[in-house]
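First comes the structure, then the notes that go with it.
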2 protein chains.
Amino acid sequence: MMELTRKGEYAIRGIVYLAAQPPDRVCLLSDIAAAVDVPATFLAKIFQQFSKIGLVKSYRGTGGGFLLGRTPEKITLLEVVEAVEGPIIPNRCVVGAGECVRDVSCKVHPVWKRVQGQVRDVLAGVTLKELSEE
Amino acid sequence: MMELTRKGEYAIRGIVYLAAQPPDRVCLLSDIAAAVDVPATFLAKIFQQFSKIGLVKSYRGTGGGFLLGRTPEKITLLEVVEAVEGPIIPNRCVVGAGECVRDVSCKVHPVWKRVQGQVRDVLAGVTLKELSEE
DNA sequence: CCTAACAAGACATTTTTTATCCTTTTAGGG
DNA sequence: CCCTAAAAGGATAAAAAATGTCTTGTTAGG
């Protein structure tokens with residue numbers, strides 16, 4: 001359980017590749033896809049999601065392509081993962097009130113809350129800089 | 001992402017209910033299913049998995065049913081969850097050597113390892129006793 | 001031997017994941 | 001002003017996983 005999907009994996013590979021490029025090198029989607037071994041059409045969707053929230057910047061037309069929206073040390077793994085996989089929610093009952101209808105005083109609730117916190121903390125503590133250097 | 005499936009939810013509900021019963025009260029599957037509001041046929045599958053690894057004991061025939069395999073304080077949430085959802089593996093590359101073929105020195109690897117550890121620690125720290133009392 | 005109960009396996013349905021394709025929009029260059 | 005390069009967006013399709021259901025087998029008690 002708790003497994004990252006293919007999409008999440010691809011997303012990380014793709015953006016880490018971008019982070020490893022010289023700061024203002026505009027990269028073609030097709031090049032990125034080839035480099036990280038991901039279907040270009042699929043990666044396109046992923047980068048569209050990145051683009052919407054500013055994780056990457058995109059340019060169309062001749063000479064277009066992608067580059068990182070911010071410097072690598074300002075993008076965390078948490079942002080990348082949540083961008084494509086949605087928020088980290090181990091159990092529906094952590095979402096908020098009204099979800100845990102079965103049990104007003106649900107004992108499991110705080111446990112999942114804790115899990116969520118730990119996972120988020122770990123992922124938030126890692127930046128693209130660390131993942132791309134060397 | 002990282003969401004517990006319905007199966008996992010049902011599993012927890014079912015076994016927590018058992019843990020809340022008097023120690024040697026044998027419970028009918030149909031009663032448990034009704035009490036925790038889970039399809040009986042589905043819960044049957046779940047309890048079969050529990051039974052195989054000794055998390056619950058089962059008795060067939062007239063007067064049969066289920067009871068907890070050990071005392072509630074000796075069963076952790078981690079065991080329950082892993083029994084039905086499989087091991088907690090945030091990313092395939094934490095499984096072991098040979099999986100992370102793309103990158104011998106995969107930088108993301110240790111991060112997922114850490115996530116895995118944290119999640120397991122939280123879940124291992126909670127027993128059915130705590131979840132079932134009061 | 002009849003009935004109660006769980007065990008096991010096959011099957012069906014729905015949802016999610018994992019793509020692919022086609023059309024549209026934007027931009028540069030001749 | 002056209003032509004080409006590139007990303008954006010939407011529709012669709014195939015495969016896998018989740019979520020159940022059903023039928024038959026097994027075990028045990030009375």
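Predicted model, so just to flag it, every value in this text is computed and none were measured. A, B, ... follow the sequence lines: proteins, then strands. Residue 1 opens every chain.
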(request) Could you list the residues that satisfy side chain to side chain donor-acceptor pair (under 3.5 Å) with A:E85, not counting sequence neighbours? (result) A:T5
(message) List the residues meeting side chain to side chain donor-acceptor pair (under 3.5 Å) with A:S51, not counting sequence neighbours, and say none if there are none.
(response) none
(request) Quick one: list whatever passes side chain to side chain contact (heavy atoms under 4.5 Å, CB included) with A:E79, sequence neighbours left out. (result) A:L55, A:R70, A:I75, A:T76
(request) Return yes if some donor-acceptor pair links the side-chain N/O of A:E3 with the main-chain N/O of B:M2 below 3.5 Å, else return no. (result) no
Separation of [X] atom [atom1] from [N] atom [atom2], in whole Å?
X     : N      : atom1 : atom2 : answer
B:R6  : C:dT13 : CZ    : C1'   : 14 Å
B:K7  : C:dT15 : NZ    : P     : 19 Å
A:I46 : C:dT17 : CD1   : P     : 13 Å

Let me have the donor-acceptor pairs involving side chains of residues 15-22 of chain B, under 3.5 Å, with sequence neighbours excluded, atom names and distances please.
{"residue": "B:Q21", "atom": "NE2", "partner": "B:Y17", "partner atom": "O", "Å": "3.3"}

(message) Under the ring-ring contact (aromatic ring centres under 6.0 Å, His included) definition, can you give me all pairs with a residue in residues 114-134 of chain B, not counting sequence neighbours?
(response) none
(request) Tell me, please, the opening and closing nucleotides of DNA chain D, 5' to 3', among those with an atom under 4.0 angstrom from a non-hydrogen atom of chain B. (result) D:dT19 to D:dG29
(request) Only counting residues at least two apart or in another chain, list the ones meeting salt bridge (Lys or Arg N to Asp or Glu O under 4.0 Å) with A:R120. (result) A:E82
(request) Return the set of residues passing salt bridge (Lys or Arg N to Asp or Glu O under 4.0 Å) with B:E130 (not counting sequence neighbours), or none when no residue passes. (result) none
Do any N or O atoms of the protein come closer than 3.5 Å to N or O atoms of nucleotides 6-9 of chain C, and which pairs are they?
{"residue": "C:dC6", "atom": "OP1", "partner": "B:L29", "partner atom": "N", "Å": "2.9"}
{"residue": "C:dC6", "atom": "O3'", "partner": "B:S58", "partner atom": "OG", "Å": "3.4"}
{"residue": "C:dA7", "atom": "OP1", "partner": "B:S58", "partner atom": "OG", "Å": "2.8"}
{"residue": "C:dA7", "atom": "O4'", "partner": "B:R60", "partner atom": "NH2", "Å": "3.4"}
{"residue": "C:dA8", "atom": "N7", "partner": "B:K45", "partner atom": "NZ", "Å": "3.3"}
{"residue": "C:dG9", "atom": "N7", "partner": "B:K45", "partner atom": "NZ", "Å": "2.9"}
{"residue": "C:dG9", "atom": "O6", "partner": "B:K45", "partner atom": "NZ", "Å": "2.5"}

(request) Give every residue pair that meets the side chain to side chain donor-acceptor pair (under 3.5 Å) criterion with at least one member in residues 38-50 of chain B, sequence neighbours excluded. (result) B:K7-B:Q49
(message) Please enumerate all residues that pass ring pair (Phe, Tyr, Trp, His ring centres under 6.0 Å) together with A:F50, with sequence neighbours excluded.
(response) A:F47
(message) Quick check on C:dT20: is either OP1 or OP2 less than 4.0 Å from any side-chain nitrogen or oxygen of A:T41?
(response) yes
(message) So if I take the C1' atoms of five pairs at each end of the helix from C:dC1-D:dG30 to C:dG30-D:dC1 and get each local axis, what angle do the two axes make, rounded to 10 degrees?
(response) 0°
